[in-house]
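Report on the following structure.
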Amino acid sequence: MKRAFFPLTVLVLIAGCSSSQSWGWYVIDPTTESGWTNVKFLVSGMGATIQISLIAAVLSIVIGLIVALPGLSEKRGWRLVNRVYVEFIRSIPLLPMLFWVFYGMPIVFRSMGLNIPIDPFWGAIITLAVSDSAFTAEIYRAGIQSIARGQSEAAQTIGLNYFQSMRYVILPQAIRRILPPLANQFIYIVKMSAFASVIGMQELTRRANELVVTEYRPLEIYTLLIFEYLLLVLIISAGVRWLERRMGSDERGQ
Amino acid sequence: MPDAVVELVGVNKWYGAFHALKDFNLEISSGERVVICGPSGSGKSTVVRCINQLERHQKGTIRIDGVELTEDPKSVARIRSEVGMVFQQFNLFPHLTVLENLTLGPIKARGLSRKDAEARARHYLERVHIPDQADKHPIQLSGGQQQRVAIARSLCMEPRVLLFDEPTSALDPEMISEVLDVMVELAEDGMTMVVVTHEMGFARKVADNMVFMDAGETVEQGKPEHLFTNPRSERCRKFLSQILQH
């Protein structure tokens, strides 16, 4: 069944390229003028998707670390702060959170006497970053906990304070274990950024939706959309592998 | 006693329900070498870990240079600047070179310039007899060399007291003596030392005071020759005969 899947897909696609009634690749055929205009329209969402994903990923990496640190504390109160944040945030489905941020948060701001508008761009970024930070926090926690206790004890005995020992001793060692799962989260963010289309962000998925409405060719347009995401994810994967190799060559054992 | 560098009075430590230290008393004066021995689980490591506050004691008083340790971060920072520590597992930083291991504390915690810190590091590497390994990573060194780097790292902080927690227990037999030699030289230079060890030859050679512990208490203490030849307690006699017969 699994083996048959790939040839079958290829066959269906090839069949679609023929003159069959039910397929119409002409909508995105770059050799024709209208097809080329459509392709340009679809791909023009790429910039927004990349921007949203990149900014959200960077924010998530920062927020995740800030949330992870109290989770490593010996004080129960601090650990509780971490637990509540992680459990609460990761329980919220992305779409409701997006609606809450985009439609709800301006009301909260207004009731506080603040006039902070939330546009689709920042609404999507805030939602993705906060939602993902619960997962990055757990990744940091596991990575830092995997570094032997003796390392932080040695750092303490040579007079380093908590932040110095994190900065110079623990994190440089933990980062090699943190990076691969963090890359996974980045890919996740790129894919989840598609939800931004429902609050009107002009990114890849929104562009596809808009074209489908005018062209009535969902199969062809969404197929191209899927390959657009595939391209982005492949680029990220290659980048991460390069980064890992670079760090790996730096590592002289533990 | 005015010149007591470290003073433990009635120190108690519990791990959950386990009573690790029971009303423990110990006084260490400047330049004194104290060796602590005893069966495993007797609380000897806990003593040194309480002195530098890697473990917080629950009852009793610990004074460093006459100043009592409290939970105040300033008080903890003060011990870190006066008390050095050498671990059983070395705990060198694997991602840094030997030189970087040695200069990290002086630069970040003491505010020394890189140049001064490196000069100091090379001085102490010389002192532990591995001046030519400065640019290697810890993993490239033998166990004995690693432990000597760890000793040099502690010395770079120029502490008043140096604590050793079973410094030779993780070493291959042929590397033990190179580490002990360095420790003997430190002792001869007048360093105040507290050493948890089973190396009785070392104890005999350098210890001014030997403490035999069992079940969180001092069973017996005194000059090493006294403990070796004429122990008062049965437990101490039995323990020493067991580790000395090999």
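Model, not experiment: these values are computed from the prediction.
- Heavy-atom contacts from other residues, nucleotides or ligands closer than 6.0 Å to CZ of Phe88(A) number 12 or fewer.
- Heavy atoms of other residues, nucleotides or ligands lying less than 6.0 angstrom from CD of Glu87(A) number more than 12.
- Judged purely by atom type and a 3.5 angstrom limit, Asn91(B) uses its side chain to pair as donor or acceptor with the backbone of Gly150(A).
- More than 12 heavy-atom neighbours from other residues, nucleotides or ligands sit within 6.0 angstrom of CD on Glu174(B).
- The contact between Gln164(A) and chain B is made entirely by side chain atoms (from C-beta outward), counting heavy-atom distances below 4.5 Å.
- Of the listed residues (Leu104(B), Leu96(B), Val76(B), Leu163(B)), the greatest number of heavy-atom pairs within a distance under 4.5 Å of chain A belongs to Leu104(B).
- Heavy atoms of Phe93(B) lying under 4.5 Å from chain A belong to its backbone as well as its side chain.
- In this structure, chain A has a heavy atom under 4.5 Å from the side chain of Arg49(B), while its backbone stays farther away.
- Tyr168(A) is not listed as a side-chain neighbour of Ile107(B), based on a closest heavy-atom distance of 4.5 Å or more.
- For Ala155(A), the parts lying near chain B are the backbone and the side chain together; criterion is any non-hydrogen pair under 4.5 Å.
- More than 12 heavy-atom neighbours from other residues, nucleotides or ligands sit within 6.0 angstrom of CH2 on Trp14(B).
- When heavy atoms are compared at a cutoff of 4.5 Å, Val83(B) approaches chain A solely by way of its backbone atoms N, CA, C and O.
- With values rounded to the nearest 0.5 angstrom, Glu55(B) atom CD is found 7.0 Å from Glu153(A) atom CD.
- Closest of all the heavy-atom pairs between Gly159(A) and Arg80(B) is CA-CB, 4.0 Å.
- Within a 6.0 Å sphere centred on CG of Asp72(B), other residues, nucleotides and ligands contribute more than 12 heavy atoms.
- In this structure, Met157(B) CE and Thr157(A) OG1 are separated by 8.5 Å, a value rounded to the nearest 0.5 Å.
- To the nearest 0.5 Å, atoms CD1 (Ile170(A)) and NE2 (His95(B)) are separated by 8.0 Å.
- Separation of atoms CZ (Arg167(A)) and NZ (Lys108(B)) is listed at 7.0 Å; rounding is to 0.5 Å.
- Smallest separation of non-hydrogen atoms from Arg153(B) and Ile158(A): CG-CG2, 3.9 Å.
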